[in-house]
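Lettering of chains follows the sequences in order, A, B, ..., and the numbering in each one begins at 1.
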Protein chains: 2
Amino acid sequence: MEFTASPKPQLSSRANAFSIAALMSSGGSKEKEATENTIKPLEQFVEKSSCAQPLGELTSLDAHGEFGGSGAGSSSPSSSSLCTEPLIPTTPIIPSEEMAKIACSLETKELWDKFHELGTEMIITKSGRRMFPTIRVSFSGVDSEAKYIVLMDIVPVDNKRYRYAYHRSSWLVAGKADPPLPARLYVHPDSPFTGEQLLKQMVSFEKVKLTNNELDQHGHIILNSMHKYQPRVHIIKKKDHTASLLNLKSEEFRTFIFPETVFTAVTAYQNQLITKLKIDSNPFAKGFRDSSRLTDIER
Amino acid sequence: MEFTASPKPQLSSRANAFSIAALMSSGGSKEKEATENTIKPLEQFVEKSSCAQPLGELTSLDAHGEFGGSGAGSSSPSSSSLCTEPLIPTTPIIPSEEMAKIACSLETKELWDKFHELGTEMIITKSGRRMFPTIRVSFSGVDSEAKYIVLMDIVPVDNKRYRYAYHRSSWLVAGKADPPLPARLYVHPDSPFTGEQLLKQMVSFEKVKLTNNELDQHGHIILNSMHKYQPRVHIIKKKDHTASLLNLKSEEFRTFIFPETVFTAVTAYQNQLITKLKIDSNPFAKGFRDSSRLTDIER
DNA sequence: CCGTTACCACCTAGGTGCCAATTT
DNA sequence: AAATTGGCACCTAGGTGGTAACGG
């Protein structure tokens with residue numbers, strides 16, 4: 001008697017796996033395109049970057065806070081991105097005057113900093129696991145009348161594979177990176193945004209999921225376990241006045257990177273301090289907090 | 001320590017209250033417009049309707065199945081809409097040849113029929129209550145390349161107020177209708193859809209909420225308790241090739257009505273058979289099913 | 001008297017880390 | 001030995017009707 005299933009699949013905003021080409025041609029609709037490229041380590045982009053502060057340091061293994069964020073030591077709740085680079089590294093990036101005005105700040109910087117000091121780890125599972133902390137950003141300098149697509153991806157930081165030395169409580173290089181995986185873009189499900197929306201409200205990527213399943217069909221971002229990654233946030237100005245087939249110039253992209261959001265993908269937490277910090281700060285893990293668990297001991 | 005709040009409000013797809021004017025000018029973005037009109041009883045539209053089968057019968061109090069649906073007696077899982085009318089009743093509706101091809105069917109017809117036979121009731125609360133059954137429709141005849149906005153609203157069936165006679169188990173007219181309420185359109189949060197999406201997948205209005213709070217700020221649909229209502233589904237072809245300020249012609253609308261979805265808004269269920277059917281068919285009410293409740297008696 | 005409200009127990013749905021078992 | 005998996009208890013978040021209290 002219970003009413004559950006229906007003949008047709010229901011529309012949902014799950015299909016968020018996009019190729020860059022699909023994005024360009026479709027202009028950000030929620031269709032799923034099978035075309036998938038593979039991404040190369042961030043190092044390659046960095047070499048071509050024109051940033052004042054070289055991103056090369058990002059490739060170092062050390063994850064203990066030199067990149068605590070551009071606002072390190074300040075009490076600001078949000079962090080400005082260190083640098084921008086193009087989604088597709090073609091020629092040196094010269095964003096249009098209009099796009100150059102756009103700024104993006106990380107709203108959850110304080111929490112990210114705490115994790116970053118310890119060396120952030122993110123669980124990846126076959127079915128997909130959310131990130132914690134969540135990437136939440138806000139924009140300024142956008143045209144309130146224009147429309148924008150906001151998306152994120154996650155790129156390798158280097159070509160290394162890591163392992164955790166429990167007795168030393170530190171990460172060690174364990175060899176060369178595993179073969180690259182299908183690159184996936186996570187288009188924020190509320191895209192396209194009006195500039196007005198972006199100025200008023202924060203964009204949260206809480207629903208993005210990470211997986212180690214190379215054959216994932218849900219559009220989750222696929223990562224290699226025991227590798228280091230850097231999330232990136234991209235904003236694209238949508239041109240809707242013409243048929244939008246591949247006429248998107250690179251100046252219409254902006255990419256923002258927050259170094260304090262680097263993390264190592266794992267299938268089980270390695271550093272116990274990370275586990276503790278996750279339990280203490282993620283509401284969904286409340287069941288594992290000290291007070292609850294002390295009662296277990298008291299029994 | 002727990003991470004919860006953030007300085008900026010988070011973007012969500014909650015703001016779904018639209019005026020028709022706002023829809024036309026914004027082309028279906030998710031902004032909230034305060035402009036609210038009041039709607040008039042369905043009767044007024046019906047008079048101007050050019051439908052073959054007069055909708056006038058809809059205004060009759062009887063809710064016991066003469067309108068079991070256009071497919072009455074058939075075992076089809078979905079129902080075709082009986083008739084279409086314009087969102088704004090101006091001149092007799094002559095949809096463009098293209099829009100005339102569009103058909104819309106009710107995917108949940110079987111369940112709706114069961115409720116309709118008993119006289120469907122929907123709870124309305126201050127904070128907003130979902131509809132059960134849910135309005136789920138699928139479209140055919142749309143242009144797979146075009147973009148469409150899909151929305152619903154709920155209009156009064158007549159100018160009457162009702163009361164339920166428990167001893168007779170039937171509804172009686174209790175007087176003239178209360179003053180009309182702000183008219184609200186619920187734009188499906190996944191709008192705009194591509195025609196391709198609409199052909200593939202069903203559109204579900206499961207998230208729409210009904211309220212009796214005239215000052216509701218959440219964009220829920222506002223109804224008068226003890227009044228009869230008819231949900232309507234609208235589809236608008238989106239023209240994005242020009243600046244879209246009020247140049248939407250009425251031919252670009254289509255409206256679909258499923259008579260088996262009429263209901264009476266209530267703050268508490270009146271007909272016990274409706275209560276039982278809700279409990280038996282809504283998964284969220286499983287806690288009230290016979291087997292669970294018999295154990296209460298067994299105590 | 002009838003209609004509305006607030007709170008409740010009981011669900012669905014799904015996000016946590018834990019842990020034992022399994023795989024490589 | 002190291003890494004992965006699946007089931008689990010325990011949460012968050014929120015959708016049900018029941019029920020007693022309230023209010024016109």
For A/Lys126, give me all partners under salt bridge (charged side-chain N to carboxylate O under 4.0 Å, His left out), at least two apart in sequence or on another chain.
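Result, salt bridge (charged side-chain N to carboxylate O under 4.0 Å, His left out) vs A/Lys126: none returned.
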
Residues that B/Arg163 engages under salt bridge (charged side-chain N to carboxylate O under 4.0 Å, His left out), provided they are two or more places apart:
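If we apply the salt bridge (charged side-chain N to carboxylate O under 4.0 Å, His left out) test to B/Arg163, skipping adjacent residues, there are no hits.
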
For the backbone of A/Glu107 and the side chain of A/Trp112, can you confirm whether one donor and one acceptor N or O come within less than 3.5 Å of each other?
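Not confirmed, A/Trp112 side chain does not pair with A/Glu107 backbone.
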
In whole Å, what is the span from the [atom1] atom of [X] to the [atom2] atom of [N]?
| X | N | atom1 | atom2 | value |
| --- | --- | --- | --- | --- |
| B/Leu210 | D/dG17 | CG | P | 12 Å |
| A/Glu121 | C/dG17 | CD | C1' | 13 Å |
| A/Tyr269 | C/dC18 | OH | P | 9 Å |
| B/Asp280 | C/dC10 | CG | P | 19 Å |
| B/Arg289 | D/dG18 | CZ | C1' | 16 Å |
| B/Tyr166 | C/dC2 | OH | P | 8 Å |
| B/Leu223 | C/dT4 | CG | P | 12 Å |
| A/Glu206 | C/dG14 | CD | C1' | 13 Å |

If you look at every strand shown and take non-hydrogen atoms under 4.0 Å, does B/Lys207 touch a base, only sugar-phosphate, or nothing?
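Answer is nothing: B/Lys207 stays at 4.0 Å or more from every strand.
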
Select from B/Arg163 and A/Arg129 the residue whose nearest nucleotide in DNA chain C is closer to the 5' end of that strand.
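With B/Arg163 and A/Arg129 compared, the 5'-side residue is B/Arg163.
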
With side chain to side chain contact (heavy atoms under 4.5 Å, CB included) as the test, pick out the partner of A/Arg232 among A/Val155, A/Leu151, A/Ile154.
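Single side chain to side chain contact (heavy atoms under 4.5 Å, CB included) partner of A/Arg232 among A/Val155, A/Leu151, A/Ile154: A/Val155.
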
Picking from [options], which would you name as closest to the side chain of [X]?
| X | options | result |
| --- | --- | --- |
| B/Met226 | C/dT4, D/dG17, C/dT16 | C/dT4 |
| A/Asn282 | C/dT16, C/dT12, D/dT16 | C/dT16 |
| B/Ile279 | D/dG17, D/dA3, D/dC11 | D/dG17 |

So, is B/Lys278 close to the D/dG17 phosphate, meaning a side-chain N or O under 4.0 Å from OP1 or OP2?
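False: B/Lys278 side-chain N/O out of range (4.0 Å or more) of D/dG17 OP1/OP2.
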
Report yes if a side-chain nitrogen or oxygen of B/Lys276 is closer than 4.0 Å to either non-bridging phosphate oxygen (OP1 or OP2) of D/dG17; otherwise report no.
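No, outside the criterion.
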
Using side chain to side chain donor-acceptor pair (under 3.5 Å) as the criterion, list what pairs up with A/Lys207, not counting sequence neighbours.
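Not a single residue meets the side chain to side chain donor-acceptor pair (under 3.5 Å) criterion with A/Lys207.
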
Tell me every residue that passes side chain to side chain donor-acceptor pair (under 3.5 Å) with B/Thr264, counting only those two or more places apart in sequence or in another chain.
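Here no residue qualifies.
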
What N/O pairs connect the protein and nucleotides 20-24 of chain C at under 3.5 Å? Give each pair on its own line.
none

Taking only residues two or more places apart in sequence or in another chain, which ones pass side chain to side chain contact (heavy atoms under 4.5 Å, CB included) with [X]?
| X | answer |
| --- | --- |
| B/Tyr269 | B/Glu121, B/Ile123, B/Val266, B/Ile274, B/Thr275, B/Lys278 |
| B/Tyr164 | B/Tyr166, B/Ser169, B/Trp171, B/Gln270, B/Asn271 |
| A/Thr211 | A/Asn213, A/Asp216, A/His220, A/Ile222 |

Kindly indicate whether the side chain of A/Arg130 and the base of C/dG14 share any N or O donor-acceptor pair separated by less than 3.5 Å?
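When only heavy-atom distances are counted, A/Arg130 does not reach the base of C/dG14 through any donor-acceptor pair under 3.5 Å.
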
Please step through side-chain contact (heavy atoms from CB on, under 4.5 Å) for the pair B/Thr261 and B/Ile135, ending with a clear verdict.
CA-CA 8 Å; B/Thr261 60; B/Ile135 303 259; 4.0 Å; yes

Are there any protein N/O atoms within less than 3.5 Å of an N/O atom in nucleotides 5-9 of chain D, and if so, which ones and at what distance?
from	atom 1	to	atom 2	distance (Å)
D/dT5	OP2	A/Asn212	ND2	2.8

Sub-6.0 Å ring centroid separation between B/His188 and B/Phe193
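Close enough - the centres of the two rings lie under 6.0 Å apart.
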
Please tell me whether A/Ser105 and A/Ser138 have a donor and an acceptor in their side chains that are separated by less than 3.5 angstrom.
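The answer is yes; a qualifying pair exists.
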
Between the two end axes of the helix from C/dC1-D/dG24 to C/dT24-D/dA1, each built from 5 base pairs, what angle do you get to the nearest 10°?
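Its terminal axes enclose an angle near 10°.
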
